[in-house]
Amino acid sequence: MPPRGSRGPLPPLLLVAALAACVARASEITFELPDNAKQCFYEEIAQGTKCTLEFQVITGGHYDVDCRLEDPDGIVLYKEMKKQYDSFTFTASRNGTYKFCFSNEFSTFTHKTVYFDFQVGEDPPLFPSENRVTALTQMESACVSIHEALKSVIDYQTHFRLREAQGRSRAEDLNTRVAYWSVGEAIILLVVSIGQVFLLKSFFSDKRTTTTRVGS
Amino acid sequence: LALYFHIGEREEKCIIEDLPSDTLVFGNYKVQRWDIHKHDFLESAPGLGMYVTVSTPEGEVLLSKLYGSQGTFSFTSHLSGEHIICFQSNSTRLLAMAGSKLRIHLDIRVGEHFLDESAVQAKEKVDEVHVRLEHLIEQIQHVSKEQDYEREREEKFRKTSEETNSNILWWAIVQTLILISVGIWQIKSLRDFFIAKKLV
């Protein structure tokens, strides 16, 4: 087994870690967007950072939302109307505050639950190579590949959870609608049928009194 | 702190976290108030605090505390489901002045996202691989918990679908029976009526 590389002094490691911590961030938030509302989020991004915005509508109405991403100058980088799910990757062309907004203004009375995941920068490497003398050991490279695999497992799990939540929301809507509509239809059926008979009977009763009057 | 958004001064903003049971959640926030004179957000506003309320899927309150303008909170979910984290400022101004708003910086970490660089530095004496392995084990445990939660949710989904299915079947039968019986009653009733009126 190759000898372990000697560790460099502490400060460079801290610096690397600090830089890495600044660069790589991921925020995922699930929030409720009321009807006719717009919600904006802002993030300061350094130039040259690769960012990914992913969003999905989980519950509500037709499961769609408007999304818009602007750079610090106000230039629209991404704009989509009534999208159910999308993923957008871009590289920050300049420093500044980037803004992205979700809008439910086209909807009159349905609240939407929206999930988004905004990833800024790449994840830092597990074993930083700056102060390393030898290559990664087998243990370390096994760690790295397990970490990568787990990250993608967790990513798939999140997507699956969101899809399942959406499917379940549709199923529950369907169930409620079926229940109410069935009861409503049964009542309408009864009321209309019984009403028809009494109405018909009332026609004949009136006619009889009219003929009697004419006769006398 | 990275991501931020704006809310009105007296407004309550909630975010939803769908969690499996026994999951630790860390929240980190910073709130700033808009200053009308300076036309900018103040770096720190004395006396400004945030009420952080965490509710379980059942509606119980898990955490309800007043923190300062910058704070960290954490909680562990006992039940699996949608937990709601709400933020509201303790501002007592009855009429919010026009243009008054708050900027909230937020960072929420759930489950395994604890690649804490400072912890790695502290444990520098211990083998770095050992620390990474512990982190990997945490990640795998989180994956496993999410899988269990997924099984629960799938069962709920299946029950809803089966309920819809039996609802449709049952009500279709009931409606057909109503239709037939009311139809028969209509004909009988009209026939008796016409016979009584000597029209038939």
Side-chain angles (χ1 to χ4, degrees), chain A residues 7 10 13-14 17-18 20-21 25-32 39-44 113 115 118 120 123-124 126-127 137 139-140 143-144 146-147 150-151 153-154 157-158 160-162 164-165 167-168 171-172 174-175 178-179 182-183 185-186 189-190 193-194 196-197 200-201 204 208, chain B residues 2-6 13-18 82 84 103 106-108 110-113 115 117-118 120-121 124 127-129 132-133 135-136 139-140 142-143 146-147 149-150 153-154 156-158 160-161 163-164 167-168 170-172 174-175 178-179 182-183 185-186 189-190 193-194 197 199:
Chain A
R7 259 192 195 85
L10 194 53
L13 194 64
L14 260 175
R25 283 189 303 257
S27 324
E28 53 172 36
I29 292 185
T30 314
F31 65 98
E32 195 172 298
Q39 180 73 43
C40 293
F41 296 89
Y42 309 81
E43 178 134 12
E44 271 194 49
T113 310
Y115 160 91
F118 194 55
V120 175
D123 278 333
L126 272 190
F127 301 101
T137 63
M139 208 43 164
E140 286 167 352
C143 271
V144 168
I146 294 175
H147 182 66
L150 277 180
K151 269 202 303 199
V153 166
I154 288 170
Q157 245 187 359
T158 309
F160 188 65
R161 172 168 57 85
L162 295 171
E164 186 272 339
R168 191 158 33 91
E172 283 167 1
L174 186 64
N175 195 19
V178 164
S182 311
V183 173
E185 214 178 307
L189 204 57
L190 276 170
S193 318
I194 295 172
Q196 272 179 335
V197 171
L200 210 57
K201 284 189 185 172
F204 286 98
R208 230 171 62 107
Chain B
L3 195 71
Y4 63 85
F5 54 94
H6 298 144
K13 185 78 189 152
C14 296
I15 64 170
I16 303 168
E17 284 293 342
D18 204 357
E82 285 191 350
I84 305 175
R103 174 180 287 181
L106 194 59
D107 185 23
I108 309 260
V110 175
E112 54 70 45
H113 298 273
L115 194 48
E117 294 297 323
S118 55
V120 175
Q121 259 80 77
E124 216 211 343
D127 198 359
E128 198 180 351
V129 172
R132 300 298 180 194
L133 277 177
H135 177 66
L136 284 178
Q139 268 187 314
I140 295 180
H142 179 72
V143 167
E146 282 266 10
Q147 296 272 28
Y149 181 32
E150 180 56 42
R153 287 202 312 268
E154 189 273 336
K156 198 167 145 199
F157 192 165
R158 202 164 10 101
T160 308
S161 299
E163 205 184 303
T164 309
N167 247 346
I168 293 176
W170 162 240
W171 279 106
V174 165
Q175 278 176 6
I178 289 177
L179 197 58
V182 170
W185 174 81
Q186 274 184 328
S189 173
L190 284 173
F193 179 68
F194 286 143
K197 300 284 181 205
L199 291 166

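Just so you know, these numbers use all the heavy atoms, side chains as well, and skip hydrogens, waters and symmetry mates. Labels below follow one simple rule: chain letters A, B, ... track the order of the sequence lines, proteins then strands, and each chain is numbered from 1.
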Does any backbone or side-chain atom of A:V144 lie under 4.5 Å from a heavy atom of chain B? Answer side chain, backbone, both or neither.
neither
Quick one: closest heavy-atom pair of B:F5 and A:Y42, and the distance?
CA-CD1, 4.2 Å
Once side-chain hydrogen bond (donor to acceptor under 3.5 Å, both in side chains) is applied, do any residues pair with A:E44, and if so which ones, sequence neighbours excluded?
none
Going by heavy atoms in the side chains, are A:L189 and B:V182 under 4.5 Å from each other?
no
With heavy-atom distances below 4.5 Å as the criterion, would you say the side chains of B:H6 and A:C40 are in contact?
no
Side-chain touch A:V178/B:W171, heavy atoms, less than 4.5 angstrom:
no
Run the side-chain contact (heavy atoms from CB on, under 4.5 Å) test on A:V197 and B:W185 for me, step by step, so that the C-alpha distance in whole Å, both residues' side-chain angles and the decisive distance to 0.1 Å come before the verdict.
CA-CA 9 Å; A:V197 171; B:W185 174 81; 3.7 Å; yes
By a 4.5 Å heavy-atom criterion (distance strictly below it), what part of B:E150 contacts chain A: side chain, backbone, both, or neither?
side chain
Heavy-atom contact with chain A under 4.5 Å, split by part of B:E82:
neither
Hey, are the side chains of A:T30 and B:D18 touching, using non-hydrogen atoms and a 4.5 Å cut-off?
no
Segment of B:I108 engaging chain A (4.5 angstrom heavy-atom cut-off)
neither
With the side chain counted from C-beta on, respond yes when B:H135 and A:C143 share a heavy-atom pair under 4.5 Å apart, and no when they do not.
no
Separation between CD1 of B:I15 and CD of A:E28, rounded to the nearest 0.5 Å:
10.0 Å
Chain A contact via B:E17 - which portion, at a heavy-atom distance below 4.5 Å:
side chain
Do A:M139 and B:L133 touch side chain to side chain, with heavy atoms closer than 4.5 Å?
yes
Please name the pair of heavy atoms, one in B:F157 and one in A:A171, separated by the smallest distance, quoted to 0.1 Å.
CE2-CB, 3.5 Å
Give the member of A:Q196, A:E32, A:Q39 that has the highest number of heavy-atom pairs under 4.5 Å with chain B.
A:Q39
Below 4.5 Å from any heavy atom of chain B, which atoms of A:I29 appear? Answer side chain, backbone, both or neither.
side chain
Would you mind checking which part of A:T113 comes under 4.5 Å of any heavy atom in chain B, side chain (CB onward), backbone (N, CA, C, O), both or neither?
side chain
Should B:R132 and A:H147 count as side-chain neighbours, where that means a heavy-atom distance under 4.5 Å?
no
Any side-chain to backbone donor/acceptor pair from A:E172 onto B:T160? Under 3.5 Å, distance only.
no
Give, for atom CZ of B:R153 and atom CZ of A:R161, the distance between the pair rounded to the nearest 0.5 Å.
6.5 Å
Contact class of B:L179 relative to chain A, heavy atoms under 4.5 angstrom:
both
Heavy-atom contact with chain B under 4.5 Å, split by part of A:S27:
side chain
Rounded to the nearest 0.5 Å, how far does CD of B:E146 lie from CZ of A:F160?
11.5 Å
With the side chain counted from C-beta on, respond yes when B:K197 and A:K201 share a heavy-atom pair under 4.5 Å apart, and no when they do not.
no
Nearest-0.5 Å distance that lies between atom OH in B:Y149 and atom CD in A:Q157:
12.0 Å
Atom pair CG/CG of B:N167 and A:N175 - distance to nearest 0.5 Å
5.5 Å
